[in-house]
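Proteins come first, then strands; the chains are lettered A, B, ... in the order of their sequence lines, and each starts at number 1. Note that this is a predicted model, so its numbers are computed, not measured.
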2 protein chains.
Amino acid sequence: MGMVKSSPLTADDWIDAALRAIAENGVGAVAVEPLAKKLGTTKGSFYWHFSNRDNLLERALATWERDHTDAIIAAVDDAPTPRDRLKQLLERVFPADIDALEVALLAAAATDPRVRPALTRVTQRRTDHVAKLYRAAGMTKSAAHRRAVIAMSVYLGRLQLAFLTPNELPSGGAASAAMLADLESMLAPSESVEK
Amino acid sequence: MGMVKSSPLTADDWIDAALRAIAENGVGAVAVEPLAKKLGTTKGSFYWHFSNRDNLLERALATWERDHTDAIIAAVDDAPTPRDRLKQLLERVFPADIDALEVALLAAAATDPRVRPALTRVTQRRTDHVAKLYRAAGMTKSAAHRRAVIAMSVYLGRLQLAFLTPNELPSGGAASAAMLADLESMLAPSESVEK
DNA sequence: ACCTGAACACCGTTCAAGT
DNA sequence: ACCTGAACACCGTTCAAGT
């Protein structure tokens, strides 16, 4: 079942296995003994590469944070106007298949003091970026920030909803298209706020 | 520290302790040995009242589900029009202090197969109720449903955001008032959709 | 440098025995 | 009817010893 690598295991092998375990079964699934079994090695081997279970979690989170923040932000920078970039961001982020790893991390953030800071940084950067887009589209600084916070709420809430009621949110199809249209009009930049 | 009750402990004592533990430290904190210590009894006592740890969780969830669904839905039924009821619901639900227990359950729902069904039922009922209000305010059935889903997303996302960036969401004050105004206009029923 | 294997602590679960 | 206390399994962590 587990992919057994020939001899010298690297720390990254453990990190990959940890992230896969999180996506599949949550942060609680980052357990040394089961991971060791999956990698075909022993617990003792683990403690050569990591000081403890938390240290593995920490480094796995750092890897995720690096890989999943800038990529999304950079992906939409080719659209001509801020309004277009916002629209593209929405279209890219909302109909997409739910990212199981992101949901699991979001879930763990509420109770796990090691996960929360990572999620906080990522969320902060995303919010700031969206606020900047609203600002560039002509809204005041405070209105732009409020709308960015609301947009992030909708995004985060949708991750939760998708997991709670999978049948309610088809990944494609007419319902989802109408939904996206609703969201686009609700989240479009408005120029008339707090002149 | 723990409130030690005189002799015959009831199942409800364990359930109360479990719900308190969840609110404070997440579902993982429902651990028999620590709870026994807090209640001043032994693990053996626990297994008189419950078949196992999961059984305690199950019954704690059932208690929460019963207490926290109908109460909120019923609380706003005195407003004259559907539009007013929606507005009151928003005003009641959004500026309120974050419910730690609800956040912890929402978090656990993503990975815990015992928690998810309870959250799914509660979310479904809340969504249906809000959709009914939109419908009564004059929207088509499908538009009302889509808007209810979006409103639930904002609500759930806000719970997450509040925990990720506590400083961003003051419980009162001007920022929160402006935010509420934004939400009210974005989530107000519109009559012009899908005539 | 990297790994094994045994040891110990902690928590879930069982159960015979007590009141 | 309700509880204790000892026992065992499972996983985190340590460490002496191996290659």
Problem set entry | Residue pairs passing the ring-ring contact (aromatic ring centres under 6.0 Å, His included) test where at least one lies in residues 17-46 of chain B, sequence neighbours excluded |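 Non-adjacent pairs meeting ring-ring contact (aromatic ring centres under 6.0 Å, His included): W14(B)-F46(B), F46(B)-F50(B).
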
For this session: Give a yes/no answer on whether the side chain of H49(B) brings an N or O atom under 4.0 Å of OP1 or OP2 in dC3(D).
Result: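 It does, given that an N or O in the side chain of H49(B) lies less than 4.0 Å from OP1 or OP2 of dC3(D).
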
Problem set entry | From CD1 (I15(B)) to CG (L35(B)), nearest 0.5 Å |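 These two atoms lie 11.5 Å from each other.
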
Any heavy-atom pair between the side chains of [Y] and [X] that's under 4.5 Å?
X       : Y       : value
K87(B)  : E91(B)  : yes
R83(A)  : P189(A) : yes
V122(A) : L105(A) : no

What's the [atom1]-[atom2] distance between [X] and [N], to the nearest Å?
X      : N       : atom1 : atom2 : value
W48(A) : dC3(C)  : CH2   : P     : 9 Å
L56(A) : dC11(D) : CG    : P     : 16 Å
L35(A) : dC3(C)  : CG    : C1'   : 17 Å

Exercise. If you write DNA chain D from 5' to 3' in dot-bracket form, with Watson-Crick or G-U pairs under 3.5 Å, [ ] for crossing pairs and | for pairs with another strand, what do you get?
Worked result: ||.|||||...|||||.||

Exercise. Looking at residues at least two apart in the chain, or sitting in another chain, which of them share a ring-ring contact (aromatic ring centres under 6.0 Å, His included) with Y47(A)?
Worked result: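 Residues passing ring-ring contact (aromatic ring centres under 6.0 Å, His included) with Y47(A): none at all.
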
For this session: Apply side-chain hydrogen bond (donor to acceptor under 3.5 Å, both in side chains) to N25(A) and list each qualifying residue two or more places apart in sequence or on a separate chain.
Result: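 Scan of N25(A) (side-chain hydrogen bond (donor to acceptor under 3.5 Å, both in side chains), adjacent residues dropped) gives none.
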
For this session: Let me have a per-nucleotide readout for nucleotides 12-19 of chain C, 5' to 3', with B, S or -, counting only protein heavy atoms under 4.0 Å.
Result: BBB-----

For this session: Quick one: list whatever passes side chain to side chain contact (heavy atoms under 4.5 Å, CB included) with T42(A), sequence neighbours left out.
Result: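 Side chain to side chain contact (heavy atoms under 4.5 Å, CB included) check on T42(A) returns S45(A).
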
